[in-house]
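First comes the structure, then the notes that go with it.
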Amino acid sequence: MPAEKYLAGKENGEGPRISRVWLAAASIILGILAGYLIGRVSILHATNNRLGEYSDLLLQREQDLVSEVSRTLDQADASSFTSCSDEDIALLRRLTFAARFLKDVARVGQNNFLCSATEGKLAAPIRLLAPDIQGPSGSTVYRSYPLNVPTGVHATVVASDRAHVVISPDIFSEFPQQPIHYSVGVLDPSKSDQAHKVIFSQVTGEQHHHRACKAGRASCGDVLYRGKCMNGYPLCVMTYMPMHEVWSTNRALFDGYVATGGTAGFACAVMVLLSGNRKRSHTHQLKRAILMGKLSVAYQPIVELSSHRIVGAEALARWTDEDGESIRPETIIALAEADGFVSEITRFMLIRSLEELGPILEHKPDFRLSVNLAASDLTDPRLLLLLDERLQERQISPANLAFELAERATSDRELAVAAIRRLRDRGHAVFIDDFGTGYSNLSYLTELKVDGIKINRSFIATLGTESVTASIVPQILAVAKAFDLSIVVQGIEREEQARYFVADGPHILGQGWFFGLPVPARSLLYLCAEKSE
């Protein structure tokens with residue numbers, strides 16, 4: 001490509017346009033990827049929660065079973081009746097009928113099965129088999145013991161010295177099995193840590209998934225599971241879902257996440273393509289305006305509500321871009337903050353306003369100029385140096401200069417407290433701007449130790465209505481009085497709004513269209529002179 005053609009393309013914005021196309025494409029791809037990742041994480045998190053909740057239900061059933069087994073064996077062991085007498089068998093039957101999870105209660109002695117609630121007294125004792133697990137408190141557990149009645153049936157049996165109980169195989173039958181599978185059973189404490197053996201009393205799904213997995217982990221191979229064990233007893237539960245079932249069950253939800261991410265990415269791409277030129281142009285124009293001194297400052301009067309006397313002014317940035325469009329102050333700050341040069345605007349505002357309002361500030365000790373600070377200004381070491389230099393040069397008292405911090409600028413509480421302390425130690429007043437719209441609470445005010453608050457205009461607009469917002473104003477005034485804070489009311493547009501606050505306190509200050517629009521320095525000087533006559 002010839003150099004002239006390349007330079008022409010750059011001059012016409014072809015390079016930035018190509019960059020925005022790539023950025024738009026990346027937005028779509030990132031949106032889809034974000035939807036995929038968020039959907040995956042959300043579904044896995046939700047499934048883990050379901051597995052955990054299901055494990056808790058199963059574990060509670062096991063706890064109920066343990067309590068019933070312990071209670072039944074204790075009552076059977078405490079029997080004073082002769083083993084297998086009519087009275088003893090009647091006791092065993094009462095215990096069986098009263099139990100919820102037991103199928104039979106039997107009497108044993110000298111390692112022999114003697115009688116039970118269902119079989120009565122045996123014609124001859126039957127020798128007991130060797131137990132699978134030695135349980136707590138001297139009890140033993142038989143994993144799959146062959147029963148006499150009905151013949152050929154096996155069941156889990158728990159035995160003490162004088163009795164044993166047969167656990168019903170249906171204790172978990174009421175629990176739904178799909179799409180979650182579960183395993184419950186007894187952990188053999190006699191095995192080594194590397195070879196724990198789980199004797200399952202109930203199993204759904206494929207048992208081999210869990211023999212290699214440890215309790216508490218979230219995944220093992222291609223299985224998502226949760227394992228929990230009882231305190232004091234080697235009883236554990238395992239709930240699980242194979243990954244292919246997790247995704248097949250949640251396919252529609254997962255596709256929705258991906259589609260939503262793609263839609264969001266597409267929307268961002270459209271915004272990038274449509275507004276990229278203008279935003280980039282405005283940022284560069286603003287930087288040029290600062291370098292060339294083409295920003296200006298307007299001053300909105302701050303008055304004492306009881307007398308309408310002008311006691312101060314707020315400095316506001318003004319800028320007309322290269323297309324002749326007047327840009328709002330909040331847009332100016334947003335552009336500067338996004339590109340990291342808002343402190344340059346703050347320094348410009350300080351220098352220009354101290355120059356323009358020097359005649360008032362030098363001769364009126366009770367007049368106060370308010371300048372807004374951004375969050376980045378709190379860590380700018382050049383700000384304090386600039387203040388020292390300009391105030392000394394103009395013979396202006398620090399008390400003539402106040403600073404306003406938006407609540408979002410104080411989100412880093414430790415940094416804000418230190419910065420406010422430095423400013424106040426130098427004699428400057430510090431106000432919280434737009435109070436009530438962000439982090440406001442009692443502890444917030446206690447920590448920051450500011451001089452005053454500025455009530456946001458959104459609260460003032462609803463005065464005299466039944467809006468919930470209107471009811472907040474008396475609370476804000478009460479908080480300010482409790483902390484002995486100065487009050488500046490923003491957005492006063494009608495006389496009745498001003499009277500509302502005069503009735504509450506004679507020293508409350510206000511600003512708004514009712515008292516005057518933001519004006520150039522010369523107009524403010526004229527207004528101050530006129531009001532003082």
Report task. Could you grab the distance from atom CD1 of I171 to atom CG of L65, nearest 0.5 Å is fine? Result -> 4.5 Å
Query - Side-chain touch V141/D132, heavy atoms, less than 4.5 angstrom - result: no
Query raised in the report: Would E447 and R413 count as a salt bridge (Lys or Arg N to Asp or Glu O under 4.0 Å) if you check the C-alpha gap in whole Å, the side-chain angles of each, and the deciding distance to 0.1 Å?
Result: CA-CA 8 Å; E447 291 178 36; R413 196 65 51 85; 3.7 Å; yes
Query raised in the report: Do any N or O atoms from the side chain of T410 and from the backbone of E407 form a donor-acceptor pair under 3.5 angstrom?
Result: yes
Report task. Taking the side chain as every heavy atom from C-beta outward, state whether F81 and R107 have any atom pair closer than 4.5 Å. Result -> no
Query raised in the report: Is the backbone of L95 close enough, under 3.5 Å, to the side chain of Q75 for a donor and an acceptor to pair up by distance?
Result: no
Report task. Please round to the nearest 0.5 Å and tell me the distance separating atom OH of Y142 and atom OG1 of T156. Result -> 12.5 Å
Query raised in the report: Are a donor atom and an acceptor atom from the side chains of D56 and Q60 found within less than 3.5 Å of each other?
Result: no
Query raised in the report: Counting heavy atoms not belonging to H154, are there more than 12 under 6.0 Å from its NE2?
Result: yes
Query - Side chain to side chain, L114 and L122, heavy atoms closer than 4.5 Å - result: no
Query - Side-chain donor or acceptor of E68 paired with backbone N/O of R100 under 3.5 Å - result: yes
Query raised in the report: When you look at V473 and F501, which way does the side chain to side chain contact (heavy atoms under 4.5 Å, CB included) test go after all the steps?
Result: CA-CA 10 Å; V473 174; F501 291 97; 3.8 Å; yes
Query raised in the report: Looking only at atom types and distance, does a side-chain atom of D377 sit under 3.5 Å from a main-chain N or O of A374, one as donor and one as acceptor?
Result: yes
**Report entry** Gap between atom CG of D451 and atom CG of D484 - 0.5 Å precision
**Finding:** 10.0 Å
Report task. Answer yes or no: are there more than 12 heavy-atom neighbours, outside Q110 itself, under 6.0 Å from its atom CD? Result -> no
**Report entry** Gap between atom CG of L485 and atom CD1 of I432 - 0.5 Å precision
**Finding:** 9.5 Å
Query raised in the report: Given side chains that start at C-beta, do those of F435 and I455 come closer than 4.5 Å, heavy atoms only?
Result: no
Query raised in the report: Is any side-chain heavy atom of T346 less than 4.5 Å from a side-chain heavy atom of S376?
Result: no
Query - Close side-chain approach of L147 and D104, heavy atoms under 4.5 Å - result: no
Query raised in the report: Taking all atoms of both residues into account, what is the closest heavy-atom pair of A409 and L378, and its distance?
Result: O-CD1, 3.6 Å
Requested in this report: Report the distance from atom CG of L286 to atom CG of D339, rounding to the nearest 0.5 Å.
Outcome: 9.0 Å
Report task. Find out whether N48 and R226 are in side-chain contact, i.e. whether some heavy atom of one side chain is under 4.5 Å from a heavy atom of the other. Result -> yes
Report task. Verify side chain to side chain contact (heavy atoms under 4.5 Å, CB included) between L405 and V450, making sure each step is shown before the conclusion. Result -> CA-CA 10 Å; L405 291 170; V450 294; 5.9 Å; no
Query raised in the report: If only atom types and distance count, is the side chain of T239 paired as donor or acceptor with the main-chain N or O of L51 below 3.5 Å?
Result: yes
Query raised in the report: Which heavy atom in I332 sits nearest to a heavy atom in A317, and how many Å separate them?
Result: CD1-O, 4.1 Å
Query raised in the report: If only atom types and distance count, is the side chain of S42 paired as donor or acceptor with the main-chain N or O of G39 below 3.5 Å?
Result: no
Query - CG-OG1 distance between L102 and T72, expressed to the nearest 0.5 angstrom - result: 5.0 Å
Requested in this report: Measure across G120 and R93 and return the closest heavy-atom pair with its distance rounded to 0.1 Å.
Outcome: CA-NH2, 4.2 Å
Query raised in the report: Above 12 or not: heavy atoms from other molecules or residues under 6.0 Å from CG of D412?
Result: yes
Report task. Given side chain to side chain contact (heavy atoms under 4.5 Å, CB included), test I43 with W247 step by step and report yes or no. Result -> CA-CA 8 Å; I43 289 172; W247 301 124; 3.8 Å; yes
Query raised in the report: Passes side chain to side chain contact (heavy atoms under 4.5 Å, CB included), V166 versus Y145? Steps please.
Result: CA-CA 9 Å; V166 179; Y145 201 90; over 6 Å; no
Query raised in the report: So do the side chains of E314 and N372 get within less than 4.5 Å of each other, counting heavy atoms only?
Result: yes
Report task. Of all the heavy-atom pairs spanning I89 and C84, show the shortest one and how long it is. Result -> CD1-O, 3.6 Å
Query - Result of checking S80, S83, S79 against D88 for side chain to side chain donor-acceptor pair (under 3.5 Å) - result: S79
Report task. May I ask you to decide if the ring planes of F172 and Y182 are parallel, tilted or perpendicular, using 30° and 60° as cut-offs? Result -> tilted
Query raised in the report: Under 3.5 Å, side chain of R422 to main-chain N/O of L384, donor-acceptor pair present?
Result: no
Query raised in the report: For A78, does its backbone N or O pair with a side-chain atom of R162 as donor and acceptor, under 3.5 Å?
Result: no
Query raised in the report: At their closest point, which heavy atom of L92 faces which heavy atom of A106, and how far apart are they?
Result: CD1-C, 4.2 Å
Query - Considering all heavy atoms, the nearest L73-S160 contact - result: CD2-OG, 3.8 Å
